[in-house]
Amino acid sequence: MTIHSDIDKIFKEGLKDYSEKTPSFIWDNIDQELNSKRNKRNRNFFYALAASVALLLSFGAGYLFTNFNTSIQLAENESSPVNNEPKQLNITESNSNDYKPNIENKPELNNENTSDKLIIAEPKKNISTKKAKTPKKKTNKAHTKVKKVSSSGTLLPPIFAENDSYEESLTSSYKKNTSSLNESNLNDKTNKLTNLELKQAMFTYDIPERDLVYEIRQLPMPTEPTTIHSPTIDKQWSIGISGTPLLSYRHIQERENEAFASSANTSGLQQNYENEKPLVSYSAGVNVNYQFANRWKIQSGFYMSETGQVINNIDLAQAPSSIYNSSSGNDYQIITSTGNITIKENSETLYNYVNKTSNSNYYASINDLNREGSELNSIETTTTKAEFIQTLEYYEIPVVLGYKLIDKKLDVNISGGVSANILVNNSTYLQNGNERQNINAEVEGIKSMNYSSILGFGFEYPIITQLLINLNPTFRYSINSVNEAGNVYPYSFGIYTGLKYKF
Amino acid sequence: MSILLKDIELLIKACKKNRPDAQKELYEHLSGKMFGVCLQYAKDYTEAEDILQDGFIKVFTKISQYNFKGSFEGWVRRIMVNCALERFRKQNLLYTVSEIQDYDSKLVADDVMAELSSKELLKLIQKLSPQYKTVFNLFAIEGYSHQEISEMLKISVGTSKSNLSRARVILQGKVEALYTEKQQNVKLVVR
């Protein structure tokens with residue numbers, strides 16, 4: 001019989017009914033946590049309820065208040081006495097519900113009524129005998145506290161409100177106009193002005209006449225023949241160098257079949273690769289620029305960049321070197337989002353490089369292939385936490401188009417383009433204090449070519465003639481995936497500083 | 001304490017209504033066994049207690065999702081295993097990748113089971129390194145396939161197989177050692 005089913009069976013059956021008493025504080029903790037969740041839920045519900053009640057009340061109050069006020073107006077309008085001739089000029093447009101000027105009163109004879117507003121609907125003294133279909137605006141007598149006037153429930157800007165301050169701001173020309181109007185109609189009491197005429201009268205402004213004077217001037221003629229040069233873009237070519245510390249990381253596209261999707265599972269994709277962090281590395285190179293139009297330039301160059309990530313929280317086991325060396329030589333793997341890192345070192349070596357932090361003890365198995373009958377033993381070993389730095393170095397050839405936004409002494413431009421990147425180095429290091437420890441390790445399954453899109457903007461400032469200094473925050477994002485599995489897209493950000501020489 | 005199946009159903013329903021007294025009773029009914037499960041996966045008692053605590057909080061907050069389809073104990077167990085795996089996933093470990101060793105057993109399962117107590121078996125499992133232990137637990141005890149395990153732990157199927165095989169090899173050795181020790185003791189006593 002083989003080992004497989006037996007050992008499985010031994011443990012499965014053996015542990016099937018195993019149970020052990022739990023310490024009492026655990027239930028207390030659970031109970032406490034559930035209670036706080038319960039209270040939180042109740043509290044949130046209460047807050048939501050209170051908020052919605054408050055909102056409802058304020059809406060209701062607003063609605064009721066405006067309706068109430070307009071109904072007061074209506075009542076007042078109907079009840080106030082008429083003390084002028086009942087002649088009225090019917091120019092209402094009151095069938096519409098909007099707040100168009102609703103002039104219902106004829107202009108009065110006395111000065112009192114010069115306070116009639118240009119676009120006011122309601123005169124001070126109410127003489128309308130016709131019921132307005134639209135709710136009227138407030139009168140001064142109503143002494144409303146509300147600055148804004150509402151009509152049919154809509155709020156109007158203050159200009160439509162009837163108040164004293166507005167009266168004072170009337171132009172004198174308008175006042176003059178209305179008074180002239182009064183005078184002209186004074187004699188003919190039976191003369192009814194048409195809508196149009198009255199409107200015209202009411203709405204004309206007193207514009208002072210201005211004479212437009214044209215002068216003929218002579219332009220100075222050039223005394224000498226001058227040639228006009230076409231604008232040349234001098235100094236079209238430039239070369240430069242720049243570099244930056246680069247912050248790089250990667251975007252992982254989620255795959256279709258997510259693991260273990262049971263209702264009880266809460267970890268999901270967020271738990272994966274929690275121990276991976278962005279890496280600060282570098283990018284530097286030379287570039288050549290050609291300005292082919294007034295504000296446009298095209299740029300290419302050659303850069304060397306390092307991208308990657310930091311992987312922390314790895315357990316290293318301190319085991320004697322005889323243990324983990326197998327004939328194939330590939331003993332270790334670290335699973336990362338980018339791929340599997342294969343480490344061709346033995347564990348003891350790695351363990352000795354780092355500062356020891358936390359320790360735990362495990363059994364490790366010994367493969368002793370040389371002995372007959374392969375006696376298998378296990379030993380106890382201690383482990384410690386370590387950090388690995390996985391890097392990929394590329395030669396980059398960008399092609400970028402730039403546009404100058406601001407063309408002054410300090411130039412500001414934006415640029416966009418693509419870059420073809422050739423993989424030259426695939427190394428993983430062990431972080432040893434502040435340094436990187438060289439170890440024999442690399443990531444599997446990385447494509448040799450990578451293409452990325454570039455977006456950036458830049459500042460350029462001349463220091464001496466033909467030499468400029470520039471600052472370019474640049475963002476790069478991979479167009480294709482970096483790994484053969486096809487789901488990891490690195491991106492990086494850096495602020496390139498450099499010098500440029502024009503010739 | 002033994003609780004009837006029907007009583008459990010009532011308890012679950014009460015827990016769905018968030019009743020604290022029902023929750024306590026359900027906890028007391030299942031916590032012993034679930035603690036056993038947590039001990040299988042944890043590296044020490046402290047971690048096992050944490051897993052148990054997190055697990056039960058999840059059970060009671062997600063109990064609305066249990067629809068009485070399948071055993072409740074199985075459902076709770078899956079939650080415990082999940083909590084254990086969450087912790088496991090946070091530690092990224094070096095996985096050994098090498099040839100799979102085969103080993104011939106001299107023992108019969110029944111004999112061994114008669115001799116070794118559950119507690120001793122548990123101790124052996126606890127001493128395994130995390131990746132071996134987890135893969136062995138998931139395959140041999142929970143009954144998942146290598147494909148499922150590879151998805152759950154984000155490892156390759158090959159890694160899962162090799163880890164299982166190594167775990168078995170170690171456990172086999174330990175079990176045999178313990179068994180023979182006990183046999184000898186028994187013989188001594190008989191003499």
Side-chain angles (χ1 to χ4, degrees), chain A residues 1-4 6-15 17-23 26-27 29-31 33-34 37-38 257 259-260 262-267 271-272 274-275 311 313-317 324 326 328 330-335 343 347 360 362-365 367 374 376-378, chain B residues 18 20 23-24 27 31-33 35-36 39-40 43 49 52-53 56-58 60-62 65 75 78-79 82 86 89-99 101-105 107 109 112-113 116 118 121-122 125 127-129 140-141 151-152 154-155 166 168-173 175:
Chain A
M1 58 199 86
T2 61
I3 185 177
H4 304 290
D6 272 345
I7 196 76
D8 291 1
K9 190 178 171 192
I10 290 172
F11 279 89
K12 183 168 183 161
E13 293 296 312
L15 291 172
D17 294 318
Y18 182 74
S19 102
E20 196 170 315
K21 193 154 173 24
T22 61
I26 294 187
W27 171 250
N29 290 348
I30 294 174
D31 196 26
E33 179 76 24
L34 291 173
K37 281 191 200 268
R38 217 175 279 134
N257 49 343
F260 198 50
S262 90
S263 60
N265 187 23
T266 54
S267 42
Q271 290 279 350
N272 302 338
E274 235 185 39
N275 55 343
I311 304 146
N313 213 21
I314 305 278
D315 278 342
L316 283 185
Y324 283 109
S326 77
S328 63
N330 293 359
D331 272 340
Y332 288 104
Q333 271 190 352
I334 301 177
I335 313 294
I343 301 177
S347 183
S360 329
Y362 305 127
Y363 282 143
S365 72
N367 256 346
S374 32
L376 294 140
N377 297 313
S378 56
Chain B
N18 217 1
Q23 287 170 339
K24 180 161 188 185
Y27 170 82
S31 62
K33 231 177 196 174
F35 196 39
L39 283 168
Q40 274 171 239
K43 66 172 186 275
E49 285 161 6
L52 185 74
Q53 198 170 300
F56 266 102
I57 290 172
K58 280 209 175 96
F60 289 126
T61 51
K62 289 183 184 293
Q65 295 173 17
W75 187 78
R78 274 204 297 284
I79 294 182
N82 251 321
E86 269 176 32
R89 276 189 273 248
K90 278 186 183 160
Q91 319 160 27
N92 199 349
L93 303 167
L94 297 183
Y95 293 93
T96 55
V97 182
S98 61
E99 308 85 42
Q101 290 289 313
D102 220 343
Y103 191 80
D104 273 333
S105 157
L107 300 170
V112 175
M113 273 158 31
L116 301 185
S118 300
L121 292 173
L122 183 67
I125 285 203
K127 277 288 192 171
L128 284 176
S129 70
I141 301 182
E151 286 170 8
M152 281 154 66
K154 304 286 176 203
I155 57 178
R166 283 185 160 232
R168 279 175 174 161
V169 156
I170 296 174
L171 289 174
Q172 179 75 28
V175 161

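Source: prediction; values computed, not measured. First the proteins, then the strands, lettered A, B, ... as listed; each starts at 1.
- When atom types are taken as modelled, the side chain of A:T22 and the backbone of B:G32 share no donor-acceptor pair closer than 3.5 angstrom.
- Atom OH of A:Y18 and atom CG of B:L39 lie 6.0 Å apart (nearest 0.5 Å).
- For the atom pair A:I10 CD1 and B:L171 CG, the distance stands at 9.5 Å (nearest 0.5 Å).
- Annotation for A:N29 and B:Q53: closest pair ND2-OE1, 2.9 Å, computed over non-hydrogen atoms.
- Using a cut-off of 4.0 Å between Lys/Arg side-chain N and Asp/Glu carboxylate O, B:R168 and A:D8 are scored as salt-bridged.
- For B:Y27, the ring pair (Phe, Tyr, Trp, His ring centres under 6.0 Å) criterion is met by A:W27, B:F56, not counting sequence neighbours.
- To the nearest 0.5 Å, atom CG of residue B:L122 and atom CG of residue A:L15 are 6.0 Å apart.
- Rounding to the nearest 0.5 angstrom, the gap separating the CD1 atom in B:I141 from the NZ atom in A:K12 is 8.5 Å.
- The residue among B:K24, B:Q23, B:Q40 with the most heavy atom pairs within less than 4.5 Å of chain A is B:K24.
- In terms of heavy-atom proximity, B:S118 sits nearest to A:G14 at OG-O, 2.6 Å.
- Counting only heavy atoms from C-beta outward, the side chains of B:T61 and A:L34 approach each other to under 4.5 Å.
- For B:K33, the side-chain contact (heavy atoms from CB on, under 4.5 Å) criterion is met by A:D17, A:S19, B:E73, not counting sequence neighbours.
- Between the CZ atom of A:R38 and the CG atom of B:N18 there is a distance of 4.5 Å, given to the nearest 0.5 Å.
- Residue contact with chain B, scored on non-hydrogen atoms closer than 4.5 Å, involves the backbone of A:K21 exclusively.
- Both the backbone and the side chain of A:E20 come within contact range of chain B, judged by heavy atoms closer than 4.5 Å.
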